[in-house]
Protein chains: 2
Amino acid sequence: MRKVADSTVRRLSLYLRFLDDFEGQGVETVSSEALAQRGGTTSAQVRKDLSFFGSFGKRGLGYYVPELAQRLRQILGLGRRYRVVMIGAGKIGSALVQYRGFTQRGFDIVAIFDNDPAKIGTQWNGLTVLPIDRLEQELKAQQVDMAVLVTPGEAAQSVAERVVGQGVKAILNFAPVQLNVPDDVVVKTVNLALELETLSYALTNR
Amino acid sequence: MRKVADSTVRRLSLYLRFLDDFEGQGVETVSSEALAQRGGTTSAQVRKDLSFFGSFGKRGLGYYVPELAQRLRQILGLGRRYRVVMIGAGKIGSALVQYRGFTQRGFDIVAIFDNDPAKIGTQWNGLTVLPIDRLEQELKAQQVDMAVLVTPGEAAQSVAERVVGQGVKAILNFAPVQLNVPDDVVVKTVNLALELETLSYALTNR
DNA sequence: GTTTGTGAAACGATTCACAGCT
DNA sequence: AGCTGTGAATCGTTTCACAAAC
């Protein structure tokens, strides 16, 4: 089952959200065409995406909404909760800590770190901001699945190395730099400046 | 020059950041290989990316750092400033308003809207939060290039239609929904839940 | 009759490899 | 000799189209 395109996984995640909506509206079955329309893609694309993982539909009928949702949750690894540490208690970090979607989707923030003495010791959503020196100690003390990096660009690589050194295998990176990590570590970078620049490109070239 | 892949544009934006670094270090020329290494890609990729827009290098030598940087700024449409409105003065909105990278890269936030009476009238980084009812009026009064949407999911589509109705052609969307807009409007969606789910997928399937 | 699941075809992006310039 | 610029080859993804299932 290896080697499924990133674009496919992202679409699965979208489909799951649509299924949740459909389920909320009491819809029982859904066709690949209906999912496609909601997601701005084609029915063939939907079926192909799903086909990498099995065949979940009934011909002539479509997919049972709750069943397909359940399958997708399983495929995406959402049948469990994840323990997440946040590194950087600045503006974006603070917004993320309070973001409901995190917890709702199964991601629990279990520690927050910063190196600013003014922030260390303050309370964020029930968690005390810890000094960054305590990073290794805390990662050893509690099992952690992911790190969210919200540090300045200069600090990001070194922090990444420290969390990777403690066995963390997934990083969500908001620092505007390209992180260098071993092959068995997954990094997703969200780079705002880059998104803005693709918009400015699109506005310019029309 | 039409029809350049999104992935190409994103890489150009990365290269530009590397060139800024190189320039800061006083490096005068740079090879496609050097840029490639910094960006985790290949020299052929770098040259192909640039070749869509012209030939900026000298054979046997590489590229003049300041010249190539200048060219990339031009290609990406960064030779001017953009006027941006922010819609939604919640946690993420507030973090974004204060984010330095916005202004640094040429994007000026010129108005902020919300529908929460508790927020309307408060000051955000020198701007007064306006009631969302004033949206059309303000968009008419001042030329605006982009809208950043930081509303709840339910509100996003309707707000998008309102800004598009006033002629805005670019939207940066942080609401976790798929926006439906006319073909001549560009939307970039940053969907946190989706990024988290690709990470969880990656952690699960190894 | 409807809709899935999937090989095959079409399309698009990346990599190769080398001729041509400096 | 070194490095770019670019057609040609390769690889990966999306779309087509239809037989099989209900």
Side-chain angles (χ1 to χ4, degrees), chain A residues 1-15 18-19 22 27-72 75 178 198 201-202 205, chain B residues 1-15 18-19 22 27-72 75 178 198 201-202 205:
Chain A
M1 190 222 275
R2 209 52 12 91
K3 206 73 280 291
V4 171
D6 194 63
S7 50
T8 295
V9 178
R10 298 176 76 85
R11 280 190 302 265
L12 292 179
S13 180
L14 280 180
Y15 304 154
F18 304 151
L19 288 169
F22 284 130
V27 177
E28 294 211 335
T29 67
V30 81
S31 67
S32 55
E33 181 54 37
L35 278 174
Q37 246 167 281
R38 199 80 162 51
T41 179
T42 65
S43 61
Q45 180 78 79
V46 172
R47 295 197 301 276
K48 186 63 94 179
D49 287 341
L50 296 174
S51 78
F52 289 114
F53 300 94
S55 42
F56 310 129
K58 288 253 175 302
R59 293 168 196 234
L61 216 116
Y63 304 85
Y64 287 107
V65 171
E67 190 200 317
L68 184 56
Q70 191 45 39
R71 296 295 201 132
L72 288 183
I75 292 164
Q178 171 92 3
T198 54
Y201 172 82
N205 302 87
Chain B
M1 187 223 272
R2 211 50 14 90
K3 207 73 279 291
V4 171
D6 194 63
S7 50
T8 295
V9 177
R10 298 176 76 85
R11 282 191 301 267
L12 292 181
S13 179
L14 279 180
Y15 303 155
F18 302 152
L19 287 169
F22 283 130
V27 178
E28 294 208 336
T29 67
V30 81
S31 66
S32 55
E33 180 55 38
L35 278 174
Q37 246 168 282
R38 197 80 161 52
T41 179
T42 66
S43 62
Q45 180 77 80
V46 172
R47 296 199 299 277
K48 185 64 94 182
D49 287 342
L50 296 175
S51 78
F52 289 115
F53 300 94
S55 44
F56 309 129
K58 289 249 177 304
R59 292 170 196 234
L61 215 114
Y63 304 85
Y64 288 108
V65 171
E67 190 200 316
L68 184 57
Q70 191 45 39
R71 296 294 202 132
L72 289 182
I75 291 164
Q178 173 91 0
T198 54
Y201 172 83
N205 302 87

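Proteins get letters first, then strands, A, B, ... in listed order; numbering begins at 1 in each. Just so it is clear, the structure is predicted and the values come from calculations on it, not from any experiment.
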Query raised in the report: Do you know which two heavy atoms are closest between Thr42(B) and Ala36(B), and how far apart they sit?
Result: C-CB, 3.3 Å
Query raised in the report: OP1 or OP2 of dT15(D) sitting under 4.0 Å from any side-chain N/O of Gln45(A)?
Result: yes
Query raised in the report: In whole angstrom, what separates Arg71(B)'s CZ from dG5(D)'s P?
Result: 11 Å
Report summary line: Taken to the nearest 0.5 Å, the spacing of Lys48(A) NZ from Ser32(A) OG works out to 13.0 Å
Report task. Check side chain to side chain contact (heavy atoms under 4.5 Å, CB included) between Gln70(A) and all other residues, then give those that pass, not counting sequence neighbours. Result -> Arg73(A)
Requested in this report: Give, for atom CG of Asp49(B) and atom CG of Leu72(B), the distance between the pair rounded to the nearest 0.5 Å.
Outcome: 10.0 Å
**Report entry** Short side-chain N/O contact from Tyr64(B) to OP1 or OP2 of dT4(D), under 4.0 Å
**Finding:** no
Requested in this report: Identify the 5'-most and 3'-most nucleotides of DNA chain C with at least one atom closer than 4.0 Å to a non-hydrogen atom of chain A.
Outcome: dT2(C) to dA8(C)
Requested in this report: Could you go through the side chain to side chain contact (heavy atoms under 4.5 Å, CB included) check for Tyr201(B) and Val4(A) one step at a time?
Outcome: CA-CA 11 Å; Tyr201(B) 172 83; Val4(A) 171; 3.7 Å; yes
Requested in this report: Would you mind reading off the distance between Lys3(A) atom NZ and dG12(D) atom P, rounded to a whole angstrom?
Outcome: 8 Å
Requested in this report: Please work out if Ser7(B) contacts a base, only the sugar-phosphate, or nothing of the nucleic acid, heavy-atom cut-off 4.0 Å.
Outcome: sugar-phosphate
Report task. Could I get the full list of side chain to side chain contact (heavy atoms under 4.5 Å, CB included) partners for Ser55(B), not counting sequence neighbours? Result -> none
Query raised in the report: When the C1' atoms of the five terminal pairs at each end define the local axes, what inter-axis angle does the helix from dG1(C)-dC22(D) to dT22(C)-dA1(D) show, to 10 degrees?
Result: 0°
Query raised in the report: Once you round it to whole Å, what is the distance between P of dC3(D) and CG of Leu35(B)?
Result: 13 Å
**Report entry** Residue pair Leu68(A), Leu35(A): steps toward the side chain to side chain contact (heavy atoms under 4.5 Å, CB included) verdict
**Finding:** CA-CA 11 Å; Leu68(A) 184 56; Leu35(A) 278 174; 4.1 Å; yes
Requested in this report: Carefully, step by step, assess Tyr15(B) and Arg11(B) under the rule side chain to side chain contact (heavy atoms under 4.5 Å, CB included).
Outcome: CA-CA 6 Å; Tyr15(B) 303 155; Arg11(B) 282 191 301 267; 3.5 Å; yes
Report task. Carefully, step by step, assess Leu50(A) and Leu12(A) under the rule side chain to side chain contact (heavy atoms under 4.5 Å, CB included). Result -> CA-CA 8 Å; Leu50(A) 296 174; Leu12(A) 292 179; 3.9 Å; yes
Report task. Determine whether more than 12 heavy atoms belonging to other residues, nucleotides or ligands lie under 6.0 Å from atom CD of Glu28(B). Result -> no
Could you list, one pair per line, each protein nitrogen or oxygen that sits under 3.5 Å from a nitrogen or oxygen of nucleotides 18-22 of chain D, together with the distance?
from: dA20(D); atom 1: N3; to: Arg59(A); atom 2: NH1; distance (Å): 2.8

Query raised in the report: Atom CG of Asp6(B) and atom P of dT13(D): how far apart are they, to the nearest Å?
Result: 16 Å
Query raised in the report: Between atom CZ in Phe56(B) and atom C1' in dG5(D), what is the gap in whole Å?
Result: 12 Å
Query - Comparing Lys48(B) and Thr8(A) on DNA chain D - which has the more 5′ nearest nucleotide - result: Lys48(B)
Requested in this report: Taking only the side-chain nitrogens and oxygens of Ser31(B), find out if one of them lies under 4.0 Å from OP1 or OP2 of dC3(D).
Outcome: no
Report task. Look at all strands and tell whether Ser32(A) reaches a base, only sugar-phosphate, or nothing, counting heavy atoms closer than 4.0 Å. Result -> sugar-phosphate
Query raised in the report: Residues in salt bridge (charged side-chain N to carboxylate O under 4.0 Å, His left out) with Arg47(A), at least two apart?
Result: none
